[in-house]
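Atoms considered below: every heavy atom in the structure, side chains included; atoms not considered: hydrogens, waters and symmetry mates.
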Amino acid sequence: MPVAPPAPDVPATPAEAPVFSVKGLWKVFGPKGAAAKVPGSEHAGMPAAELRERTGCTAAVRDVSFDVRKGEVFVVMGLSGSGKSTLVRCLTRLIEPTAGALALDGEDVLAMDSGRLRELRRHRAAMVFQHFGLLPHRSVLDNVAYGLEIQGIGRAERRRKAAEMVEKVGLAGLEERRPGQLSGGQQQRVGLARALAADPEVLLFDEPFSALDPLIRREMQDEVARLHHEEGRTMVFITHDLAEALRLGDRIALMRDGRIVQLGTPEEIVGSPADDYVRDFVRDVPREQVLTVRSAMRPATADTAGQGPALPPATTVADAIEAVVRSGGPARVVDHGGRCLGVVDEAALLAVVAGIPAATGREVAA
């Protein structure tokens, strides 16, 4: 399960509010009066079948809280029926939340009137869906420019902007083709270009690549990773595919029955599963391709601090094993300034791969 190089860390700072802030969000489907009464502490942990039996309602999203930081790829992952697609639609009120708080750049989304909501969807948070929704009788260029046309932007300006986006997603030369003349991957690139043309603050992806064959899906993942690296645009990405989540996500929220069961970095999800459900979910993940040298690092001594190959902290265990084997000794983990943060050796790295404490691995090796 190859994993793309990690994106730069994007921690929120006290001066920087999250892009999306979600607190105690619920979405309950069912009889109107009953649905309004469901959100509450007594319902948060209730099994879905019991909730339906007692109330006649289904809680698709239950008591969900998280922040999306500026510039990160925030992945919401879960199996079918886990609530992930309902959740992403709640972020722009394509589906109305039942209860909770939701803010975009500190502005209360639940208090927005219809005009403000249109502005949010057209300019601030653009959706990319699994089904491309392209207009079959329009060219690629005009499909990409469609959102700008709705915004009232003049023909020359919107076509100029659309041409720029077409080139950005790798479709230069195909501007005058119709959607029916394109492959599935090319059609999805048109959908991505159309979303980018509005220059939104955040891109929301709802399982955009699940209908594509594996090779094209991998190409589109590469495209999203490239665009994120080049632009640093905030993205919320919905998927049921663990490999896709690990490859693209700076942080992952894993959902089950409408709840988030664990939220963390790919390394935290794989290296420290929160419960048996998460542990089963990540059981077949090649740990060495996700976990980094941070998980195997020990303090450096005076002898080791200046010796061996230098590895950045984001180096995967797989790459570190290769470096240690080639050098025949421990490797140093160093920050951008060249300061030694610790060392890793073969025993500690192999212990991480095996899923046992690094110290135990060194003792066995000794």
Lys NZ or Arg CZ of R256 over Y277 ring: under 6.0 Å, within 45°: yes
Can you measure from [atom1] ([X]) to [atom2] ([Y]) and round to the nearest 0.5 angstrom?
X	Y	atom1	atom2	answer
F20	E201	CZ	CD	8.0 Å
I321	L350	CD1	CG	5.0 Å
L102	M112	CG	CE	8.0 Å
M77	S82	CE	OG	9.0 Å
D142	R194	CG	CZ	12.0 Å
T86	L91	OG1	CG	11.0 Å

Taking 4.0 angstrom as the limit, do [X] and [Y] come out as a salt bridge?
X	Y	answer
D275	R279	no
D199	R233	yes
K161	E157	no
R118	D113	no
D257	R62	no
R116	E119	yes
E207	K84	yes
E244	R217	yes

Set of salt bridge (charged side-chain N to carboxylate O under 4.0 Å, His left out) partners for R54, sequence neighbours left out: E50
Atom NZ of K37: over 12 foreign heavy atoms under 6.0 Å: no
Atom CD of E230: over 12 foreign heavy atoms under 6.0 Å: yes
Under 3.5 Å, is there a donor-acceptor pair between the side chain of [X] and the main chain of [Y]?
X	Y	answer
Q188	G185	no
Q221	F209	no
T315	L311	no
N143	R138	yes
R158	I153	yes
S295	L291	no
R332	V343	no
D105	E107	no

Pairs touching residues 168-177 that satisfy side-chain hydrogen bond (donor to acceptor under 3.5 Å, both in side chains), sequence neighbours left out: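 side-chain hydrogen bond (donor to acceptor under 3.5 Å, both in side chains) check on residues 168-177 returns K168-E231.
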Centroid separation F74 to F66 less than 6.0 Å: yes
Close side-chain approach of V22 and D67, heavy atoms under 4.5 Å: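 Sidechains of D67 and V22: no contact.
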For the student: nearest non-hydrogen atoms of V61 and G83, plus distance: CG2-O, 3.8 Å
Between E267 and T292: side-chain donor-acceptor atoms closer than 3.5 Å: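 Yes, because at least one side-chain N or O of E267 sits under 3.5 Å from a partner of the opposite role on T292.
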